There are 2 protein chains.
Amino acid sequence: MTALASRIYSGHAPLAALGPGERALAYGDGLFTTARVHAGRVVWREAHLRRLQEGAARLGFAAPDAGFLDAAIDELLAAAPADAVLKLILGRGAGGRGYAPDPGAEPTLVLALFPPPPPPPPALALRWCALRLAAQPALAGIKHLNRLEQVLARAEWSAPGIHEGLLRDAAGDVICATAANVFARIDGRWRTPPVNACGVAGIARAWVRENADVEIAPLSPAALEAADAVFLCNAVRGILPVGSLAGRRWTAHPALLDLRRTLARAEPAFA
Amino acid sequence: MTALASRIYSGHAPLAALGPGERALAYGDGLFTTARVHAGRVVWREAHLRRLQEGAARLGFAAPDAGFLDAAIDELLAAAPADAVLKLILGRGAGGRGYAPDPGAEPTLVLALFPPPPPPPPALALRWCALRLAAQPALAGIKHLNRLEQVLARAEWSAPGIHEGLLRDAAGDVICATAANVFARIDGRWRTPPVNACGVAGIARAWVRENADVEIAPLSPAALEAADAVFLCNAVRGILPVGSLAGRRWTAHPALLDLRRTLARAEPAFA
């Protein structure tokens, strides 16, 4: 997909093009976040920017200040359609000697706007991915640029009738989908897996935690398949009910309908 | 460090600049290799290009054909100093919808030349890194662009007297240094760890395997510290004797001196 508009900055200065020494390119040394733009407004904007700052701190570099990020986003949005997807890539900058960064490097910021996603299907059809997520506590939770696991997992299927794939860790526990967090309705509560060894702490996942009764606990494939309801969520598409996984089928669950209504009221992008 | 010269191609066509949809940037979806250029010649050229092709096959995309790669390298070298470091980055290309690649995308090739490394110290001083490498068999062995583990490990120290850090897997076995493979002299043979769960199958490691009596076997920190000699190797700097690690000291070992002489005869870049 081609970007509708994009900007690149090194520190606060516009940059004409990314060079071969860009560490985001060379090592995936950076972070990204993907936000929904609706009616000219970035949904969950503060949470996205806060997560970028937190991710940069985890990787050991300073993100641009929030005022600059805000201004750069506003400048891009001013020239763009009111409904879109905004992607931000924040790299550690250029240069350094091999893996050791240049301590004086300015971070690199790439902003790009893409068309909004098509309307989601009423219920998602899922599959199990064969690839297992590796446990790396030093990188777990943050949305860094090392995403080959997700690329390989997504390449496992091409059938258009399958919307997403679920990923497990080496022990076999469910962690997430390739591009979404997963929640299961178990004993009257929502359960989602911890993301302290692998997986991403999604922005939509954080919204659900604040707006529903959620338990963070390991989730086995058997527990997921026995759940009363299952949904995926991410910051671009909101909450997506799961209708099938392998042989299992789910129909609409009142608690899931309620949660989607609450989200639609709070964020009309997802109505 | 700034590149002395660089070129970018999309398929066989020159590309003016990398865009925000470039998958090597967005996901680290690609490979790289770093070669020594000496007296105008790329050391271990065929092995580097073969590894790029093999890595692309592992990731599920087709690398440019060898004839094109050779021509692109020759064109870049023609305008450059005779002694340098050549870095090739091969990405899956631009676009696609999220993690699912665009099946029609042409791979992106970035070639860049950098100054040669300074002469190595007579013996390296090593440290143990705290970061443990995650086990991911789907990515192990290939030199892909997801290198945040190496970036974080290299950021653990800044003392100029420490030249490299050794990385262990989650079980505690030694795997490699941040930017080199490791060999230990044990019971009259060289031992180097397997790289089928983490680590990179280095080009210099392959040369050593072909030119010495090498056993591929797990290597505990205790076995490494008890070894009669230890060296690191990579394709840019050749074979580098290790002089110290934590409290342990090593002096020059005849088998290591022999191996370095053999390498220097075969590849004068490392004399």
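Treat the numbers as computed from the prediction; the structure is a model and nothing was measured. For the numbers below, each heavy atom of this structure counts, side chains included, while hydrogens, waters and symmetry mates do not. Lettering of chains follows the sequences in order, A, B, ..., and the numbering in each one begins at 1.
At a 4.5 Å heavy-atom cutoff, the contact between A:Val110 and chain B is made by side-chain atoms alone. The contact between A:Ala179 and chain B is made by backbone and side chain atoms together, counting heavy-atom distances below 4.5 Å. No part of A:Leu111 comes within reach of chain B, as not one of its non-hydrogen atoms sits under 4.5 angstrom from that chain. If you measure heavy-atom distances from A:Arg154 to chain B, the contacts under 4.5 Å come from the side chain alone. Using a 4.5 Å cut-off between heavy atoms, A:Pro103 does not touch chain B at all. Looking at A:Leu148, the atoms closer than 4.5 Å to chain B (heavy atoms on both sides) sit in the backbone and in the side chain alike. Using a 4.5 Å cut-off between heavy atoms, B:Asp102 does not touch chain A at all. Both the backbone and the side chain of A:Leu145 come within contact range of chain B, judged by heavy atoms closer than 4.5 Å.
Interatomic distance, A:Gln150 CD to B:Asp29 CG, rounded to the nearest 0.5 Å: 11.0 Å. A:Leu139 CG to B:Leu131 CG: the interatomic distance, rounded to the nearest 0.5 Å, is 7.0 Å.
With hydrogens and angles disregarded, no donor-acceptor distance shorter than 3.5 Å links the side chain of B:Asn146 to the backbone of A:Gly28.
Exactly one residue among A:Arg132, A:Gln136, A:Glu149 makes a side-chain hydrogen bond (donor to acceptor under 3.5 Å, both in side chains) with B:Gln136. That residue is A:Glu149.
The most heavy-atom pairs under 4.5 Å with chain B, out of A:Leu152, A:Val236, A:Ile89, come from A:Leu152. Between chain A and the options B:Gly95, B:Pro20, B:Ala155, B:Gly91, the largest number of non-hydrogen pairs under 4.5 Å is found for B:Pro20. Of the listed residues B:Ala94, B:Ala197, B:Ala24, B:Ala17, the one with more heavy-atom pairs under 4.5 angstrom with chain A than any other is B:Ala24. Heavy-atom pairs under 4.5 Å with chain B peak, among A:Ala100, A:Ala3, A:Gly60, A:Ser6, at A:Ala100.
By the 4.5 Å heavy-atom criterion applied to side chains, B:Leu18 and A:Glu22 are not counted as neighbours.
The minimum heavy-atom distance between B:Thr178 and A:Tyr99, with the atom names listed, is O-CE1, 3.1 Å. The minimum heavy-atom distance linking B:Ala134 with A:Ala135 is given by the pair CB-O, 3.2 Å.
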